[in-house]
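Here is the structure we will look at.
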Amino acid sequence: MKAVFLDRDGVINRDSPDYIKSWDEFEFLPSSRQAIALLCKAGLDVFVVTNQSVINRGMVSRKTLEDMHKRMAAGIEDAGGRIKDIFYCPHRPEDDCNCRKPAPGLILQALAKHGIMPVDAVMVGDSLKDMEAANQAGLERAVLVRTGNGWQAQHQYAKLGLKVDFVADDLLEAARWICSLGRQG
């Protein structure tokens, strides 16, 4: 494994049904920064792939979102981790784009930009959309975390025929599992 793709809301930070619209509303989940640091120490590149329809809904400007992402990345660096790149979809579901998860566009963009083969990557997300995007992008592995929307999704992915390799309580448990794969050869 060389690369780990992370959803943002519900994986790195607390999700909200009202969306995360400012840095004041952004709250790291317990141990998410520690988990990203663990992945980086294992030599893995970490990327964020996130749906952010708040932009096309007119709730947040691109500048505000990118400022939140800079602050998020700085908070992760303070804990010893590093986000290599962030990819976001600004579209609403009805915009019918190819980058909004469950479409694989964000992941495919990241793979192409950074020269990563799907067989060398894993997606960690908290929703069926994340698992479907990982499956459609052909990623080697998909990990569902029970934070965010994961509690509901864990009971539905098998019915929908989605491949999920591991279900973790949170990003730290997912990171430990991913790192254990490297130790297995």
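Since the model is a prediction, treat every value here as computed from it, not as a measurement. Sequential numbering from 1 along the given sequence is applied to the chain's residues.
Note that NZ of K129 is 9.5 Å distant from CG of D7, once rounded to the nearest 0.5 Å. Rounding to the nearest 0.5 angstrom, the gap separating the CZ atom in R8 from the CD1 atom in I20 is 6.5 Å. Atoms CG and OH, on D9 and Y19 in that order, are 10.5 Å from each other to the nearest 0.5 Å. Atoms CG and NE2, from N98 and H91 in turn, are 8.5 Å apart once rounded to the nearest 0.5 Å. How far CD1 of I55 is from CD of E66: 7.0 Å, rounded to the nearest 0.5 Å. Atom-to-atom distance recorded for D126:CG and M131:CE is 8.0 Å, nearest 0.5 angstrom.
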Next on the checklist: Go through it in stages, so that I can follow the logic: the residues are V124 and V11, the test is side-chain contact (heavy atoms from CB on, under 4.5 Å), and I'd like the CA-CA distance, side-chain angles, deciding distance and then a yes or no.
Outcome noted: CA-CA 8 Å; V124 180; V11 176; 4.2 Å; yes
Item to check | side-chain contact (heavy atoms from CB on, under 4.5 Å) evaluation trace for K113 with D85 | outcome: CA-CA 10 Å; K113 179 178 177 182; D85 208 344; 2.8 Å; yes
Next on the checklist: Let's go through L139 and R141 carefully: what are the C-alpha distance in whole Å and the side-chain angles of both, what is the deciding distance for side-chain contact (heavy atoms from CB on, under 4.5 Å) to 0.1 Å, and is it a yes or a no?
Outcome noted: CA-CA 6 Å; L139 297 189; R141 301 199 187 269; over 6 Å; no
Item to check | side-chain contact (heavy atoms from CB on, under 4.5 Å) assessment of E25 paired with M68 | outcome: CA-CA 10 Å; E25 296 176 2; M68 281 194 291; over 6 Å; no
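Taking the side chain as every heavy atom from C-beta outward, R62 and P90 approach each other to under 4.5 Å. Between N13 and E27, every side-chain heavy-atom pair lies at or beyond the 4.5 Å cut-off. Inter-residue side-chain proximity for C97 and C89 is flagged as met; some heavy-atom pair is nearer than 4.5 Å. Residues Y157 and V167 form a side-chain contact, since some pair of their non-hydrogen atoms from C-beta on lies under 4.5 Å apart. Inter-residue side-chain proximity for M117 and L111 is flagged as unmet; no heavy-atom pair is nearer than 4.5 Å. For the pair S31 and D170, the minimum side-chain heavy-atom distance is below 4.5 Å. Residues I12 and L6 have side chains in contact (heavy-atom distance under 4.5 Å, counting atoms from C-beta outward).
Applying the side chain to side chain contact (heavy atoms under 4.5 Å, CB included) rule to A110 yields the partners F5, F87; only residues at least two apart in sequence or on another chain are considered. Qualifying ring-ring contact (aromatic ring centres under 6.0 Å, His included) partners for W23, counting only residues two or more places apart in sequence or in other chains: F26.
Heavy-atom minimum distance, A103 versus A133: O-CB, 3.7 Å. The heavy-atom pair separating A168 from V143 by the smallest distance is CB-CG1, 4.4 Å. The two residues V145 and A174 make their nearest non-hydrogen contact at CG1-CB, 4.0 Å. Between Q109 and C99, the closest heavy-atom pair is NE2-CB, 4.0 Å.
A 6.0 Å sphere centred on NZ of K163 holds more than 12 heavy atoms belonging to other residues, nucleotides or ligands. Shown here is K21, whose NZ atom has more than 12 heavy atoms of other residues, nucleotides or ligands within 6.0 Å.
Under a hydrophobic clustering in which Ile, Leu, Val, Met, Phe, Trp and Tyr are joined whenever their side-chain heavy atoms come within less than 4.5 Å, directly or via other members, V4 and M123 fall into different clusters. The hydrophobic clustering, which links ILVMFWY residues whose side-chain heavy atoms are closer than 4.5 Å, places L171 and L144 apart. The hydrophobic clustering, which links ILVMFWY residues whose side-chain heavy atoms are closer than 4.5 Å, places M72 and L106 apart. Both V122 and I83 are part of a single hydrophobic cluster, where members link through side-chain heavy atoms under 4.5 Å apart. In the hydrophobic cluster analysis, where Ile, Leu, Val, Met, Phe, Trp and Tyr join through side-chain heavy atoms closer than 4.5 angstrom, L29 is grouped apart from W177.
Between the side chain of D95 and the backbone N or O of R92 there is at least one donor-acceptor pair closer than 3.5 Å. Under the 3.5 Å distance criterion, the side-chain polar atoms of E173 are matched with a main-chain donor or acceptor of D169.
Salt-bridge annotation for D67 and R71: present, with a side-chain N of the basic residue lying under 4.0 Å from a carboxylate O of the acidic one.
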Using atom types as modelled, flag every donor-acceptor pair under 3.5 Å from a side chain in residues 33-51 to any protein atom, sequence neighbours excluded.
from, atom 1, to, atom 2, distance (Å)
T50, OG1, Q52, NE2, 2.7
N51, OD1, K101, N, 2.9
N51, ND2, K101, O, 3.1

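Side chain to side chain, E132 and Q136 meet the donor-acceptor criterion of an N or O pair below 3.5 Å.
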